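These numbers were taken from a predicted model, which means no experiment stands behind them. Letters go in sequence order (proteins before strands), and every chain restarts at 1.
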Number of protein chains: 2
Amino acid sequence: MFAAERDGVAARINSIERAGAGALIQTSGGRRMRGSVAQQLAVMILSGELPPGHVFPTELDYAEQIGISRSSLREAFRVLSAKGLVESRPKAGTRVNPRRQWSLLDPDLLAWQFAAEPSAKFLRDLFELRLTVEPNAAAIAAARRSDDEVEAMRRALEKMARHGLATEEGRLADQQFHMVMLEATRNDAIIALASSIMAAIAWTTIYKQRNHALKRDPIPDHRLLYDAFAAGDAEAARHAMAELIRLALADTEMSA
Amino acid sequence: MFAAERDGVAARINSIERAGAGALIQTSGGRRMRGSVAQQLAVMILSGELPPGHVFPTELDYAEQIGISRSSLREAFRVLSAKGLVESRPKAGTRVNPRRQWSLLDPDLLAWQFAAEPSAKFLRDLFELRLTVEPNAAAIAAARRSDDEVEAMRRALEKMARHGLATEEGRLADQQFHMVMLEATRNDAIIALASSIMAAIAWTTIYKQRNHALKRDPIPDHRLLYDAFAAGDAEAARHAMAELIRLALADTEMSA
DNA sequence: GCGATAATATTATACGATATATTGTAGGAC
DNA sequence: GTCCTACAATATATCGTATAATATTATCGC
């Protein structure tokens with residue numbers, strides 16, 4: 001009832017990557033309570049405004065400074081700490097961790113990165129990781145898929161072709177297409193990784209697409225992948241997925 | 001000063017995967033404060049004792065029930081929420097999320113999984129992910145490595161050969177060997193992923209090895225990988241890394 | 001100058017009170 | 001009879017303060 005009122009795109013992405021990560025995502029919509037401290041702090045850290053080694057003021061001071069209670073600030077710090085961004089120690093204060101300890105692939109961190117215009121370098125890194133993981137995942141999936149999954153992908157592909165990626169329904173079908181394939185790997189680790197990266201990258205592709213619509217027709221790549229998947233041809237699936245990702249990368253770079 | 005007093009192995013692993021993830025890890029050493037609620041709850045959820053959909057008692061009741069303050073319980077819930085394990089909503093209470101929303105690759109979650117004897121299925125999934133990611137990472141690294149990194153890996157390999165994997169120093173050198181290679185990829189996303197998985201898997205291999213020491217000599221595999229890396233031969237590096245992981249998998253399965 | 005010890009600042013935890021949001025229910029309109 | 005609207009109950013969200021634990025820092029003694 002209220003989710004539908006929000007920006008459809010943002011709401012959907014959120015629901016894909018995490019049906020609701022507590023108060024933080026909820027407030028990211030814009031209005032609602034005045035919290036969202038964790039997100040704001042995270043963005044400041046990720047953007048480099050608060051560099052590694054930076055020590056925050058004491059909890060009491062900082063809470064007053066940003067106008068929230070100490071309890072709320074502490075809970076925000078706990079969230080950031082859980083994602084490896086900061087670390088709190090008695091007497092020493094709370095400080096920003098070195099980048100190496102950040103959980104960069106955490107769904108929330110990914111979302112927050114993209115909320116603050118990710119660096120081109122990081123985007124390339126993500127695509128390189130996709131190019132590393134997903135073709136192999138497609139090969140595994142093709143070898144293990146069930147007939148039900150083939151059918152589910154066929155339906156998703158059909159819906160995608162009917163609506164096109166310019167519509168909400170079409171993009172949803174696209175996500176479903178990839179999600180079914182991921183689940184066919186029967187590998188929870190791969191599913192967790194690929195789904196969050198995909199959701200994060202969907203952010204950019206979608207919001208870039210607002211300016212100038214995608215010219216290329218994405219259906220042929222997907223159909224090739226589907227055919228390999230349906231045939232259970234692992235190598236063909238690997239190749240088709242790699243090609244699909246390369247095209248997606250080219251699309252985002254072209255529009256950058 | 002205090003870290004050295006703890007169990008060397010556990011302390012090192014912790015420091016590798018995250019130099020100190022707040023109070024939670026600290027308490028996992030055994031003593032210290034009576035918190036560690038987040039870890040205990042996480043283990044219960046990961047082990048299936050608290051299945052998805054389970055709703056916790058109200059914060060007031062539950063805090064009293066487990067003997068901590070409501071503030072502490074809330075902070076613990078925030079940590080779990082940040083990792084996608086639970087979700088809290090006014091009036092509805094705090095409930096366990098469906099597995100699909102768990103951040104399985106989070107360093108802490110991995111550590112906690114392994115603390116509670118991970119399922120064989122999950123271990124296989126992780127190795128399959130490693131087999132997907134790391135060979136390609138090795139290939140990328142070989143293409144981009146600097147001479148300094150070759151030198152650093154040579155030293156690590158040498159130290160590893162001198163001490164053997166039965167010693168603390170030898171295992172540390174092993175970790176360094178792999179870490180240098182990962183950093184040579186220049187890809188933050190790949191580094192974040194592979195390092196946390198490696199750290200998690202080191203848990204099992206180490207503690208299994210306490211029972212019956214590893215018979216196989218790991219140096220030859222590593223030397224092959226090093227040679228490919230030093231020569232900048234991407235394909236050879238890919239192949240060597242895949243072989244190395246397969247052997248590691250065979251070791252853990254043999255001892256299982 | 002160095003080491004042990006005490007002082008101190010800051011986080012960690014605890015507790016009670018208030019604000020706020022969501023859900024479930026009841027009531028009314030069509 | 002079904003749907004929508006308004007309201008109330010309840011649980012989380014936030015707040016403010018007090019106490020305990022602890023790591024750093026400084027001081028004192030050797």
Which nucleotide in the list C/dT23, C/dA14, C/dT11 gets nearest to the side chain of B/S69? C/dA14
What I want to check is whether an N or O donor and acceptor connect the side chain of A/R70 with the base of C/dA12 at under 3.5 Å. yes
With nearest nucleotide decided by heavy atoms, which residue, A/S72 or B/F56, maps closer to the 5′ end of DNA chain D? B/F56
A/I190 versus B/D125: any side-chain heavy-atom pair under 4.5 Å? no
Distance in angstrom units between A/R74 CZ and C/dT10 P, rounded: 15 Å
Once you round it to whole Å, what is the distance between P of C/dA14 and CD1 of B/I68? 6 Å
Is the shortest side-chain heavy-atom distance between B/L110 and B/L126 below 4.5 Å? yes
Measure the shortest side-chain to side-chain distance between A/S71 and B/S71 over non-hydrogen atoms and say whether it is less than 4.5 angstrom. no
Residues, nucleotides or ligands: over 12 heavy atoms within 6.0 Å of B/E64 CD: no
Quick one: A/R89 CZ to C/dA12 C1', roughly how many Å, whole number? 14 Å
In whole angstrom, give the distance that lies between atom CD of B/E87 and atom P of D/dA13. 10 Å
Let me know the distance between CZ of A/R78 and C1' of D/dA13, rounded to the nearest Å. 17 Å
First encountered from the 5' end of DNA chain D, between A/K91 and A/S71: A/S71
Separation of B/F77 atom CZ from D/dT14 atom C1', in whole Å? 17 Å
